[in-house]
Number of protein chains: 2
Amino acid sequence: MTNATLPTPRLDALKVACSACNLRELCLPVGLSDDEMQSLDDMVSTRRIVKRGDSLFHAGEPFAALYAVRTGFFKTVISASDGREQVTGFQMAGELIGLDGISTDKHSCDAIALEDSQVCLIPYSQLESLSREFTLLQHQFHKIMSREIVRDHGVMLLLGSMRAEERLAAFLLNLTQRLQARGFSASALVLRMTREEIGSYLGLKLETVSRTFSKFQEEGILEVKQRDIRILDQDALQRVVNGAHC
Amino acid sequence: MTNATLPTPRLDALKVACSACNLRELCLPVGLSDDEMQSLDDMVSTRRIVKRGDSLFHAGEPFAALYAVRTGFFKTVISASDGREQVTGFQMAGELIGLDGISTDKHSCDAIALEDSQVCLIPYSQLESLSREFTLLQHQFHKIMSREIVRDHGVMLLLGSMRAEERLAAFLLNLTQRLQARGFSASALVLRMTREEIGSYLGLKLETVSRTFSKFQEEGILEVKQRDIRILDQDALQRVVNGAHC
DNA sequence: CGGCAGATTGACGTGCATCAACGTCTGTGG
DNA sequence: CCACAGACGTTGATGCACGTCAATCTGCCG
C-alpha cells in the first residue's frame with residue numbers, strides 16, 4: 001500500500017531463492033535435487049511487486065514468462081468480444097499464472113492482483129531449456145499444466161451441472177483446502193474477492209451469491225460477516241456439494 | 001464393450017508413420033525436422049482400434065500414454081461421486097486425449113469412442129525423454145497442453161455466462177471450424193453425439209438442446225434432420241454467439 | 001416386423017436473473 | 001478526527017429461461 005511512489009522498488013531486497021522459499025513444496029521446485037534447485041534459483045532471479053487492482057498482464061500482450069505467486073492473491077479473467085467476462089481462476093501463493101500464454105505466445109487472459117502481491121518471474125524460454133536438462137523439473141512442470149486442465153474440468157462440472165448452493169459450497173471447500181495446505185485455518189477465511197467476482201467464477205449473479213451466503217448462515221453452516229467467513233459445519237458443506245438439497 | 005476377448009487385433013496392419021500421416025500438420029509433429037520426425041515415428045509405433053461405445057480408458061486407470069485420434073470421434077467425461085457426469089470435450093482426428101492423466105499418473109476421465117475409431121499410442125515416458133532431446137517437439141507439446149487450457153477457459157465462459165441459444169451456436173461454430181481445418185465442409189455436418197451428450201457438454205438438458213435446434217431451424221439458420229445439420233446462415237449463427245438475442 | 005434408443009414437442013414448475021431500495025464498510029480530504 | 005463519497009453487500013418483489021415430466025414420433029437393427 002505504500003512504496004508505490006518510489007521510482008523502482010528495490011527488487012533485490014525481495015530476493016528469496018527457491019531453495020529457501022517456504023513454498024517450494026507447493027510450487028515448481030517440488031522434489032528437485034540440490035543441483036537442480038541451484039539452476040532454478042539462477043533462472044528465477046526476478047521478483048515483481050503488483051499492487052492491489054494492478055494487472056500482472058493483460059490479454060493480447062506478448063507472453064514471455066510464467067509467474068509464481070509468492071505472496072498475495074490474483075484472479076484471471078477472460079473477456080469475450082461482446083464484453084462478457086469470466087473469472088477463470090483465483091491464484092494464491094505457490095500457484096503458477098500464465099500457462100495460457102504458451103499456446104499462442106500471447107496471454108489470453110488478464111491477471112489482476114486482488115491484494116498487494118509479489119510474484120516470481122519465470123522466463124519461459126529458460127524454463128524450457130532447463131527442463132530439457134532436468135527430468136524432474138520437466139516432469140513437475142508437465143504435472144502443473146495437467147493439474148490446471150483437471151481443475152478446469154472440475155469447474156466445467158460445477159458450471160454445467162451444479163445448483164447455486166452446490167457451487168458456492170464447492171468453492172468454499174476448495175478455497176479452504178488450498179489455504180489449509182498453506183498452513184492456514186480450515187475453518188476461517190477472509191475472501192479476497194467481491195461477490196461479483198465469486199459470481200463470475202461460479203456462473204452466478206452477485207445477488208445470488210449474497211443470498212446463498214445468507215442462506216448458509218441461517219442454516220448454521222457458516223458465519224458470514226462481509227468477507228470474513230467462518231465455517232461452522234464443514235460436513236454440512238460437503239453434503240451440499242453432493243446433491244443433498246432437501 | 002466387445003473385442004476384449006480377442007487376443008489382440010493385428011495392429012501392424014494399421015501402421016502409418018507420423019511422417020506419412022495426413023494429420024501431421026494438426027497433431028504433435030507440427031514443424032518437426034526429418035530427423036525429429038523419424039524419432040517420433042519410432043515412438044508412436046502402436047495403434048489401437050476402439051469400437052463405437054468402447055472406452056479408450058476409464059477414470060482411475062493408471063496413466064501411461066497419450067492418444068492421438070487418427071480416425072473417428074471421442075468424448076471425454078468426468079463423473080462426480082454423486083453420479084453427476086460432465087462431458088468435458090469432444091475429440092476428432094489429430095487431437096490428443098489423456099493430458100489430464102499426467103497430473104496424478106491416473107486418468108481422471110473416461111474417454112469413449114462415439115464411432116469406430118483408431119488412435120495412435122504415444123507412450124508418455126518416451127514423449128518426455130524425446131522432448132528433452134528435441135526442442136521443437138517439446139515446444140509443440142507444451143503448446144498443445146496450453147491450448148487445452150485456453151479451450152477449457154472458453155468453455156467456462158460459455159457455461160458461466162451464455163444463454164442456451166448462444167451456447168449451441170458457439171458449439172456448432174466450433175465444430176464446423178475444426179471440421180473445416182480437416183478438409184470438411186463448413187456448412188454441413190453429421191453430429192456424432194446424442195442430444196444428451198451435447199447437453200452435458202453445454203450445461204443444458206437434452207430437451208433444451210432439441211428445442212434450440214428446432215428454433216434455429218424455424219428461423220432459417222439451420223436445417224436439422226436428426227443428426228444431419230446444414231448451416232444455412234453462418235453469419236446469423238455468429239450473431240447469436242455474440243449477444244444478439246432479439 | 002417389433003423393440004428400443006434417441007429425438008421432438010407440449011404443459012407446467014422453479015431456480016436464478018433482474019430491477020430496485022437500502023445498509024455498511026473503507027479510505028480520503030477537509 | 002470526523003464527514004462524506006463511492007464501492008460493496010444485503011434483501012425484497014417480480015419475471016423468465018430453462019428444467020421437469022410426459023406423450024409421441026422417428027429411425028435403426030436384429
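None of the values given here were measured: they were computed from a predicted structure.
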Would you please confirm or rule out a distance under 4.0 Å between OP1 or OP2 of [N] and any side-chain N or O of [X]?
| X | N | value |
| --- | --- | --- |
| Thr208(B) | dG19(D) | yes |
| Ser214(A) | dT11(D) | yes |
| Arg227(B) | dA7(C) | yes |

Figure out the [atom1]/[atom2] separation between [X] and [N], and round it to whole Å.
| X | N | atom1 | atom2 | result |
| --- | --- | --- | --- | --- |
| Asp228(A) | dG9(D) | CG | C1' | 13 Å |
| Leu191(B) | dG6(C) | CG | C1' | 13 Å |
| Leu159(A) | dC16(C) | CG | P | 13 Å |
| Lys225(A) | dT10(D) | NZ | P | 13 Å |
| Leu158(A) | dC16(C) | CG | P | 12 Å |
| Arg163(B) | dG15(D) | CZ | C1' | 13 Å |
| Lys215(A) | dT11(D) | NZ | P | 14 Å |
| Arg192(A) | dT26(C) | CZ | P | 12 Å |

Residues which pass salt bridge (charged side-chain N to carboxylate O under 4.0 Å, His left out) with [X], listed by chain and number, not counting sequence neighbours:
| X | value |
| --- | --- |
| Arg182(B) | Glu95(B) |
| Asp82(B) | Arg84(B) |
| Glu61(A) | none |
| Lys106(A) | none |

Side-chain donor-acceptor pairs under 3.5 Å in residues 218-236 of chain B, sequence neighbours left out?
| from | atom 1 | to | atom 2 | distance (Å) |
| --- | --- | --- | --- | --- |
| Glu219(B) | OE2 | Lys215(B) | NZ | 3.1 |
| Asp233(B) | OD1 | Asp235(B) | N | 3.3 |
| Asp233(B) | OD1 | Ala236(B) | N | 3.0 |

Handout entry: Residue pairs involving residues 201-213 of chain B (criterion side-chain hydrogen bond (donor to acceptor under 3.5 Å, both in side chains); sequence neighbours excluded)
Key =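 Only Arg151(B)-Tyr201(B) qualify under side-chain hydrogen bond (donor to acceptor under 3.5 Å, both in side chains).
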Handout entry: More than 12 heavy atoms from other groups under 6.0 Å of CD on Gln217(A)
Key =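 It does: Gln217(A) CD has more than 12 such atoms within range.
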Exercise for the section: Would you indicate whether the side-chain heavy atoms of Ile198(A) and Leu202(A) approach each other to under 4.5 Å? Expected result: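 With C-beta onward as the side chain, the pair touches.
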Problem - Residues forming a ring pair (Phe, Tyr, Trp, His ring centres under 6.0 Å) with Phe213(B), sequence neighbours excluded - result: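 Not a single residue meets the ring pair (Phe, Tyr, Trp, His ring centres under 6.0 Å) criterion with Phe213(B).
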Exercise for the section: Taking ring pair (Phe, Tyr, Trp, His ring centres under 6.0 Å) as the test, write out the residues that go with Tyr67(B), two or more places apart. Expected result: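 By the ring pair (Phe, Tyr, Trp, His ring centres under 6.0 Å) rule, Tyr67(B) matches Phe57(B).
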Exercise for the section: Have a look at Arg211(A) and say if it touches a base, only the backbone sugar-phosphate, or nothing, with a 4.0 Å heavy-atom cut-off. Expected result: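 Base contact.
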Practice task
Evaluate the side chain to side chain donor-acceptor pair (under 3.5 Å) criterion for residues Thr76(B) and Gln91(B): first the C-alpha distance (whole Å), next the side-chain angles of each, then the deciding distance (0.1 Å), finally the verdict.
Solution key: CA-CA 8 Å; Thr76(B) 47; Gln91(B) 295 80 23; 3.2 Å; yes
Exercise for the section: Please list, by residue number, the residues of residues 193-207 of chain A whose heavy atoms come closer than 4.0 Å to an atom of DNA chain D; answer none if no residue qualifies. Expected result: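 Heavy-atom contacts with DNA chain D come from Thr194(A), Arg195(A), Leu206(A), Glu207(A).
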Exercise for the section: Quick one, give me the B/S/- string for nucleotides 25-30 of chain D, reading 5' to 3', where B means a protein heavy atom under 4.0 Å from the base and S means that only happens at the primed atoms, P, OP1 or OP2. Expected result: ------
Problem - Divergence of helical axes at both termini of the helix from dC1(C)-dG30(D) to dG30(C)-dC1(D) - five pairs an end, 10° steps - result: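 Between the first-five-pair axis and the last-five-pair axis there is 40°.
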Handout entry: Residues which pass side-chain hydrogen bond (donor to acceptor under 3.5 Å, both in side chains) with Thr104(B), listed by chain and number, not counting sequence neighbours
Key =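 With neighbours one apart ignored, the set is empty.
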